[in-house]
Amino acid sequence: MKAPKLNLKSLKNKAQKEIKKAPDLKGLNDVFNKYLGKRGQLTQVLRSLKDLPEKKRKKRGKLANEIRREIEEIINEKRKKFKVSGFKLQEEWIDITVPGKKPILGHLHPLTKVKRDVEEIFQSMGFSVVEGPEAETEWYNFDALNIPKEHPARDAWDTFYLKGGLLLRTHTTPVDVRFMEKNNPPLRIIIPGNVFRHEATDPSHEFQLCQVDGLMIGKDISVTNFKAVIGEFFRRFFQKEVRSRLRPDFFPFTEPSFDVSISCVVCGGEGCPTCKNSGWVELAGAGMIHPNVLKNSGLNPKNWQGWAFGFGLDRLAMMKYKIDDIRLFRSGDLRFLNQF
Ligand code: DAH
């Protein structure tokens, strides 16, 4: 085999540069193989020495061997460095099979849970969930609901008046009107949301609470439909057989109006402190939508009719979880909240 005509000095330079550039042990091994491996360029030079005339062989042999030593040396140097940093990696090695530290997770507020339960049950009965503004106009909160300025019912829904003619809505019922204005019947919706009252607080009164209104409009939607829907809702929500009853009541936006009570889920209707020994708990207001409200929403009362209801989610949560003070929900007291 003829000796390859390689310039040993430029070979050395090239090797040095490549060693410098080698990013890791593997890269370094590649350089080693390229020059000093079995088929490496320098190895081949060394192998071919035997074919040279003696004088040349000695001279070229000496140089080639020197270069080999040098290259070996700097490769070894650099290998050591990589190995040292390799050890560091070992120190920092993590056992990913060790069970991790569990982060402390929060959980849903009881009112959020109840809201989601309610939404799910009504959605399964074909109702859509609709929301509306908390800062409401006087028109939607009162007038459109058949409560004109001087109507005494405004006293029962005293609220916080904001600058610019808005007020904090006292119920979610105004969204009934907003929705009917924009959507054609037949329709069925529920409207969960925060509402506000200007009143002193006690175990059963808060100035902020959560309500859910329901609305069903069609050609011949009646109280019978209401009883069926609300009865099914209570059964699913409390996951037991609960009886419900309607009694006459008054709301300006419904005619006839009734209050909705259920048999006390705490004592099963026997009588206990929660139901004040009556066996019944009032949970909601409801009724057939007043023709004036339909008109105010752009619907003709001759063509359409339907029912609406509204209840406090706080009340519902109190019944479900047997909570005796409504103020606990927004107290931020972890001793209370951690129980859910
Ligand atoms: N908005 C009423 C309240 O806050 C509750 C209510 C009663 C809502 C009857 C209704 C209804 O939609 O038909 O006390």
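Note that these values count all heavy atoms, side chains included, but never hydrogens, waters or copies made by symmetry. Just so you know, ligand 1 is whichever comes first in the structure, and atom 1 is the first atom listed for that ligand.
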Practice item. Decide if the gap between the ring center of Phe196 and the ring center of Phe207 is smaller than 6.0 angstrom. Key: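 No - the distance between ring centres of Phe196 and Phe207 does not fall below the 6.0 Å cut-off.
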Check your understanding: Phe253 and His171: aromatic ring centres closer than 6.0 Å?
Key -> yes
Exercise for review: Would you please test Arg235 and Glu232 for salt bridge (Lys or Arg N to Asp or Glu O under 4.0 Å) and show each step?
Suggested key: CA-CA 5 Å; Arg235 261 189 299 282; Glu232 180 63 15; 3.4 Å; yes
**Study point:** side-chain hydrogen bond (donor to acceptor under 3.5 Å, both in side chains) partner of Lys26, chosen from Asn29, Asp30, Asp24
**Key:**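 Of the listed residues Asn29, Asp30, Asp24, the side-chain hydrogen bond (donor to acceptor under 3.5 Å, both in side chains) partner of Lys26 is Asp30.
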Review point. Side chains of Asn141 and Glu136: donor-acceptor distance under 3.5 Å anywhere?
Key: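 Short answer, no.
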Give every pair made of an N or O atom of ligand 1 and a protein N or O atom lying under 3.5 Å apart, one pair per line with both atom names and the distance to 0.1 Å, or write 'none'.
unit_1	atom_1	unit_2	atom_2	d
ligand 1	1 (N)	His171	ND1	2.9
ligand 1	1 (N)	Thr173	OG1	2.8
ligand 1	4 (O)	Trp157	NE1	3.4
ligand 1	4 (O)	Arg197	NH2	2.9
ligand 1	4 (O)	Gln211	NE2	2.9
ligand 1	12 (O)	Asp213	OD2	2.7
ligand 1	12 (O)	Phe309	O	3.2
ligand 1	13 (O)	Ala308	O	3.1

Point to revise | Within one Ile-Leu-Val-Met-Phe-Trp-Tyr cluster: Trp307 and Ile191, side-chain cutoff 4.5 Å | key: no
